[in-house]
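What follows is a short report on a single structure.
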Amino acid sequence: MIYLETERLILRDYQESDFGGYYQLKSDVKTMYYLQDKREWEQI
């Protein structure tokens, strides 16, 4: 289990309740442009 908390940030393992937000994030084309795996493009 991962859990780290500061004044401005909380890092933790994914939970089932995170699915909706995670799905929205991964479905947004503009967001994924910046979060894509650059190594994948280097292999092409």
Side-chain angles (χ1 to χ4, degrees):
M1 179 176 161
I2 296 172
Y3 188 83
L4 174 69
E5 184 174 347
T6 68
E7 287 183 32
R8 298 176 55 195
L9 177 69
I10 297 175
L11 295 177
R12 60 170 174 71
D13 290 323
Y14 286 115
Q15 298 175 355
E16 217 173 297
S17 59
D18 297 327
F19 179 77
Y22 185 74
Y23 180 80
Q24 282 184 308
L25 175 76
K26 297 294 273 186
S27 298
D28 186 299
V29 175
K30 291 180 182 178
T31 300
M32 291 312 298
Y33 174 81
Y34 295 100
L35 296 180
Q36 64 186 332
D37 188 353
K38 298 294 184 188
R39 292 174 291 169
E40 181 179 309
W41 289 100
E42 292 172 0
Q43 295 174 358
I44 297 175

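Along the sequence shown, residues are numbered consecutively beginning with 1. Computed from a predicted model, the values in this text were never measured in an experiment.
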Worksheet item: For the atom pair CG (Asp18) and CG (Leu25), what is the distance rounded to the nearest 0.5 Å?
Response: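 It is 11.5 Å, given to the nearest 0.5 Å.
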Worksheet item: Is it the case that one hydrophobic cluster holds both Tyr3 and Leu11, taking links as side-chain heavy atoms less than 4.5 Å apart, direct or via other members?
Response: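 No, it is not one cluster - the side chains of Tyr3 and Leu11 are not joined through contacts under 4.5 Å.
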Fill in: Closest non-hydrogen atom pair between Lys26 and Met32, with its separation
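Smallest heavy-atom distance, with atoms named: O-CG, 3.3 Å.
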Fill in: Over all atoms of both residues, closest heavy-atom pair of Asp13 and Ile2
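Closest pair (atom of Asp13, atom of Ile2, distance): OD2-N, 3.0 Å.
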